[in-house]
Amino acid sequence: MANDELTVAVLGPGGVGGLLAALLARAGHRVICLAGADTVRTLRDTGLRVRSGQFGELTARVAADTELREPVDACLITVKHTALGPALHRIPGRALGDGLIVPFLNGVEHPAELRARHRPDRVAPAVIRVESTRVSPGVIEHGSPFAEIDLTGATVPRDRLETLAAALRAAGPKTRVLDDEAAALWAKMSFLAPFALLTTRHRLPLGEVRTHHREELTALVEETAAVSRACGGPSDPARALARYDTFPPHMKSSMQRDAEAGRPLELDAIGGALLRAAERHGLPVPVTARLVAELRAAGH
């Protein structure tokens with residue numbers, strides 16, 4: 001991986017992928033967006049347009065294709081977990097070469113799935129804290145006043161991680177490399193699961209959830225923290241609740257936005273994974289179980 005200009009593929013240029021692709025392209029890197037034929041035509045014609053209070057308004061020219069056809073330094077996987085299987089056909093191993101696979105997926109189970117298909121020492125899981133939405137093909141609205149990335153991968157060469165992290169950091173998002181993969185993934189899961197499940201179940205933004213459903217939020221945060229601790233992740237319910245209180249009240253989870261748009265939900269990747277981890281460790285999680293059951297009963 002070179003120390004200056006990188007070639008980065010982005011599988012799924014939606015809210016997260018489109019934002020990262022545009023920022024990396026603006027920073028001078030070669031970016032190849034991988035998507036369906038209609039999105040590819042739009043990106044080739046008009047590029048990626050981003051509206052962001054943090055990074056400003058920008059239009060970035062990117063390459064676009066339905067399939068990866070050349071080696072890359074890294075491939076950022078930014079599709080939803082519900083679309084992961086079909087989307088992976090867009091990155092054939094023969095084209096990927098020695099490139100890193102960097103999944104920005106919700107949940108904690110996907111690294112094992114990717115390592116079963118690609119070289120384990122080239123899978124570098126990442127988590128991102130951001131609210132960013134694709135409002136139409138090629139048009140991204142970044143709504144949160146932050147974009148923070150944790151990059152990890154216990155068996156990935158450290159210099160490969162540091163080079164990619166430096167490129168992301170220089171492009172805009174606050175980025176760090178963490179040694180403990182489980183801790184990084186569960187830190188995100190501990191925050192995301194209560195946020196996603198409650199905003200989606202009650203069809204309310206975060207501000208109203210933390211005000212009108214505080215007891216339920218507290219119980220869910222405590223359950224998630226207990227499972228995280230058992231899995232080697234962080235466990236500080238009080239700190240998690242305090243962090244929710246600092247977020248803008250209008251924030252919605254991506255799961256809630258998917259529900260509003262009638263799209264498939266990442267319910268199994270988030271709620272299901274939490275229940276499976278709790279079962280493995282013999283931990284009772286009644287609030288989580290009830291919320292997941294209610295969302296499934298609602299057709300999700």
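Numbers here simply count residues along the sequence, with the first being 1.
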Applying side-chain contact (heavy atoms from CB on, under 4.5 Å) to L88 and L114, what does each step give before you reach the verdict?
CA-CA 9 Å; L88 288 176; L114 290 168; 3.9 Å; yes
Please answer whether the main-chain N or O of D159 pairs with a side-chain N or O of T163 as donor and acceptor at a distance below 3.5 Å.
yes
Salt bridge check, R201 against E216: does any charged N sit closer than 4.0 Å to a carboxylate O?
no
List the steps and the verdict of side-chain hydrogen bond (donor to acceptor under 3.5 Å, both in side chains) for T199 and S253.
CA-CA 7 Å; T199 56; S253 67; 2.7 Å; yes
Considering only NZ, NE, NH1 and NH2 on the basic side and carboxylate oxygens on the acidic side, decide whether E67 and R94 come within less than 4.0 Å.
yes
Is the shortest side-chain N to carboxylate O distance from R158 to E162 below 4.0 Å?
yes
Heavy atoms of other groups near R290 CZ, more than 12 under 6.0 Å
yes
One thing to verify: whether K252 and D258 come together as a salt bridge, which I'm taking to mean a side-chain N less than 4.0 angstrom from a carboxylate O.
no
Would the distance check show the side chain of T39 and the main-chain N or O of G36 forming a donor-acceptor pair, the cut-off being under 3.5 Å?
no
How long is the gap from CZ on R61 to CZ on R44, to the nearest 0.5 Å?
11.5 Å
Quick one: does T78's side chain have a donor or acceptor within less than 3.5 Å of a partner on L11's backbone?
yes
Taking atom types as modelled, is there a side-chain donor on E223 or T288 under 3.5 Å from an acceptor on the other?
yes
Could you give me the CA-CA distance, side-chain angles and deciding distance for L100 and C75, then say whether side-chain contact (heavy atoms from CB on, under 4.5 Å) is met?
CA-CA 6 Å; L100 296 184; C75 179; over 6 Å; no
Atom of K188, atom of I128 and distance for their closest heavy-atom approach:
NZ-O, 2.9 Å
Under a 4.0 Å N-O cut-off, is there an ion pair linking R203 with E208?
no
Test: D65 and R69 ion pair at under 4.0 Å
yes
Between R30 and T7, do the side chains contain an N or O donor and an N or O acceptor separated by less than 3.5 Å?
no
How close do A165 and V177 get, heavy atom to heavy atom, and via which atoms?
CB-CG2, 3.6 Å
Hey, does the side chain of S235 reach the backbone of A225 with a donor-acceptor pair shorter than 3.5 angstrom?
yes
N-O pairing of R229 and D236 below 4.0 Å
no
Checking side-chain polar atoms at under 3.5 Å, does S190 have a donor or acceptor matched by the opposite partner on T224?
no
Can D73 and R160 be counted as an ion pair, charged N to O under 4.0 angstrom?
no
When K174, R176, R129 are each screened for side-chain hydrogen bond (donor to acceptor under 3.5 Å, both in side chains) with E148, the one that passes is R129
Measure the acute angle between the ring planes of H142 and F55, then classify it against the limits of 30° and 60° as parallel, tilted or perpendicular.
parallel
Step-by-step ring pair (Phe, Tyr, Trp, His ring centres under 6.0 Å) determination, F191 to Y244:
CA-CA 8 Å; F191 173 81; Y244 283 119; 4.6 Å; yes
List the steps and the verdict of side-chain hydrogen bond (donor to acceptor under 3.5 Å, both in side chains) for H81 and E109.
CA-CA 10 Å; H81 198 282; E109 297 175 336; over 6 Å; no
Should we count CD of Q54 as having more than 12 external heavy atoms under 6.0 Å?
yes
Thinking salt bridges, do R115 and E181 make one under a 4.0 Å N-O criterion?
yes
Any chance you could lay out the side-chain contact (heavy atoms from CB on, under 4.5 Å) test for T133 and I140, step after step, and finish with the verdict?
CA-CA 6 Å; T133 305; I140 311 298; over 6 Å; no
Heavy atoms only: give me the nearest L24-A167 pair and the separation to one decimal.
CD2-O, 4.0 Å
Checking V127 against L185 for the side-chain contact (heavy atoms from CB on, under 4.5 Å) test, could you report, in this order, the C-alpha distance in whole Å, the side-chain angles of both residues, the deciding distance, and whether it holds?
CA-CA 7 Å; V127 298; L185 292 174; 3.9 Å; yes
